[in-house]
Amino acid sequence: MAKIACMDKSLLSKTAAAMVAKGKGLLAADESSGTCETRFKTIGVACTEESRRAYRGLLITAPGAEQFVSGVILYDETIRQKADDGVPFPDAMARKGILPGIKVDTGAKNLALCPGEKVTEGLDGLRERLAAYFKLGARFAKWRAVITIGEGIPTHTCLYANAHALARYAALCQEASIVPVIEPEVLLDGGHSIETCEEVTEATLRATYAAMSAHNVVPEYVILKSSMVVSGKTHARQALADEVAERTVRVLKRTVPAAQPGVVFLSGGQSDISATAHLNAMASLKGPPWPLTFSYSRALQNPALQAWKGLAANAGAAQRAFLHRARMNGLAAQGKWKPELEKQAA
Ligand code: 13P
């Protein structure tokens, strides 16, 4: 394999290990401004650059968050914004020992000649953008591919187009000494069974890792952000946590190299408690060779958003709500969560 002069292997391995440190996980706060608007509408708050800054700021600076949060995934706008005291967000995070991360894809677009399927874009100019993000403090990145289950889909075309993009993104990240988080998300929307979700998740991960290997991506410096194997949202039989855990871990063990430093999960529209219970069930299983933890957006932020309501006076309550979910998920990542703990305030 060709030698890459600028790839800082020691930084990559230090970053990856810190991301999945015991009892910690990632906060995904990288919603595009459009998604942010959808979320803010639910609480009747206007989505402006300032309201987004104020909201992200309260999450990032929540006192004590560093006990449970190893890193925060930021959006391009957010990595350039400042906390109330004028400190740039990446610096405020670094002072607390929280790693700044950055979403670098430019979104999932319709895949040509493949009705109902998407391919994620953002490779053009990515080398230069990664160099700029590294200077701003980013030490890991995220790229999300979207796989939809439906009549006749996903197709091989969709799985391989997305796998190819994920692998090229991951290679560029490693070259820039930024740990790539690869996120092939199998959507939970639909009436499919959990068996179908398991098959599609396995095919997705097989395609993804075949492409990663073809592009010389080093497994030791990659974090997988996976969806869980769950029943389709409208399927009659909703599998319970133990089944979700068993099926998800089985698929991961079949496809993810043991050399990888860790696997994190997205919440994907699960309820806050389900996302925690599923993680706890997985972390309780003996056998996975990697730490399993969270990288949630909605399942960490929902109660904080409801508590905030766009008012500075509610910032403390919103931070407490966020810290509670972060603590619950930090315990779940160690298999130490119990439903009774939900009753205790943060
Ligand atoms: P959810 O946890 O809300 O699925 O978001 C995670 C994420 O980062 C999606 O890209």
Side-chain angles (χ1 to χ4, degrees), residues 1 4 7-28 66-73 93-94 97-104 130 133-134 137-145 163 166-167 169-185 201 204-206 208-213 215-228 245 248-266 279 282-296 329-330 332-335:
M1 205 213 305
I4 311 293
M7 177 169 150
D8 184 340
K9 293 184 179 177
S10 134
L11 177 62
L12 285 166
S13 86
K14 218 175 93 191
T15 303
M19 289 166 73
V20 294
K22 194 172 172 190
K24 294 187 187 185
L26 304 174
L27 163 67
E66 62 276 13
Q67 298 167 80
F68 320 112
V69 176
S70 56
V72 179
I73 314 173
M93 291 166 60
I98 295 179
L99 290 160
I102 182 76
K103 185 235 290 291
V104 299
L130 286 167
Y133 285 138
F134 187 91
R139 292 295 175 267
F140 70 97
K142 184 191 105 172
W143 179 290
R144 172 175 176 255
L166 279 166
Y169 141 81
L172 282 161
C173 285
Q174 291 189 341
E175 191 186 87
S177 305
I178 289 178
V179 172
V181 173
I182 54 166
E183 183 185 12
E185 174 175 2
T201 305
T204 301
L205 291 175
R206 281 196 191 286
T208 301
Y209 282 100
M212 300 274 280
S213 162
H215 285 263
N216 303 320
V217 176
V218 187
E220 279 83 353
Y221 316 133
V222 172
I223 299 287
L224 169 68
K225 175 160 173 165
S226 183
S227 40
M228 298 178 197
T248 305
V249 168
R250 177 164 60 214
V251 168
L252 294 174
K253 281 167 77 177
R254 284 181 177 176
T255 53
V256 181
Q260 218 184 259
V263 176
V264 299
F265 293 96
L266 58 97
L279 176 61
M282 285 189 279
S284 305
L285 292 176
K286 301 274 172 281
W290 346 258
L292 305 174
T293 190
F294 58 92
S295 175
Y296 298 157
N329 285 301
Q334 303 171 74

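In this structure E66 satisfies the side chain to side chain contact (heavy atoms under 4.5 Å, CB included) test together with K96, I98, sequence neighbours excluded. Remark: R250 engages E198, E246, R247, R254 in a side chain to side chain contact (heavy atoms under 4.5 Å, CB included) (not counting sequence neighbours). Listed by chain and number, the residues in a side chain to side chain contact (heavy atoms under 4.5 Å, CB included) with A333 are L279, T293 (sequence neighbours excluded). The side chain to side chain contact (heavy atoms under 4.5 Å, CB included) check on A170 picks up P180, I182, M212, V217, with sequence neighbours excluded. Judged as a ring-ring contact (aromatic ring centres under 6.0 Å, His included), and not counting sequence neighbours, Y209 has no contacts.
Shown are L252, V20, V264; of these, the side-chain contact (heavy atoms from CB on, under 4.5 Å) with W290 is made only by L252.
Counting heavy atoms from C-beta outward, L172 and L130 have side chains that approach closer than 4.5 Å. T15 has its side chain within reach of M19: a pair of non-hydrogen atoms, C-beta onward, lies under 4.5 Å apart. E175 is not listed as a side-chain neighbour of M7, based on a closest heavy-atom distance of 4.5 Å or more. Taking the side chain as every heavy atom from C-beta outward, M93 and L99 never approach each other to under 4.5 Å. Looking at I73 and F140, their side chains come closer than 4.5 Å, going by heavy atoms from C-beta outward. Between F265 and T248 there is a side-chain heavy-atom pair separated by less than 4.5 Å. Looking at L205 and V251, their side chains come closer than 4.5 Å, going by heavy atoms from C-beta outward.
For the pair S177 (side chain) and D8 (backbone), a donor-acceptor distance under 3.5 Å is present. A donor-acceptor pair under 3.5 Å is formed between the side chain of R139 and the backbone N or O of F134. In this structure, the side chain of E183 does not engage the main chain of E185 through any donor-acceptor pair within 3.5 Å. At distances below 3.5 Å, at least one donor-acceptor pair connects side-chain atoms of S70 with backbone N or O atoms of G25. Within the 3.5 Å criterion, the main-chain N or O of K103 finds no donor-acceptor partner in the side chain of Y133. Judged by distance alone, with hydrogens and angles left aside, the side-chain atoms of W143 form no donor-acceptor pair with the main-chain N or O of P184 at under 3.5 Å. With hydrogens and angles disregarded, a donor-acceptor distance shorter than 3.5 Å links the side chain of Y169 to the backbone of A141.
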Show every donor-acceptor pair shorter than 3.5 Å between a side-chain atom in residues 218-226 and any protein atom, with sequence neighbours excluded, or say none if there are none.
| residue | atom | partner | partner atom | Å |
| --- | --- | --- | --- | --- |
| K225 | NZ | S295 | O | 2.8 |
| K225 | NZ | S295 | OG | 2.8 |

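We find the CD1-NZ distance between I178 and K142 to be 15.5 Å, quoted to the nearest 0.5 Å. Between atom OH of residue Y296 and atom CG of residue L27 there is a gap of 12.5 Å, rounded to the nearest 0.5 Å.
The shortest non-hydrogen separation linking S284 to G335 is OG-CA, 3.6 Å. V249 approaches M282 most closely through the heavy-atom pair CG2-CG, 4.0 Å.
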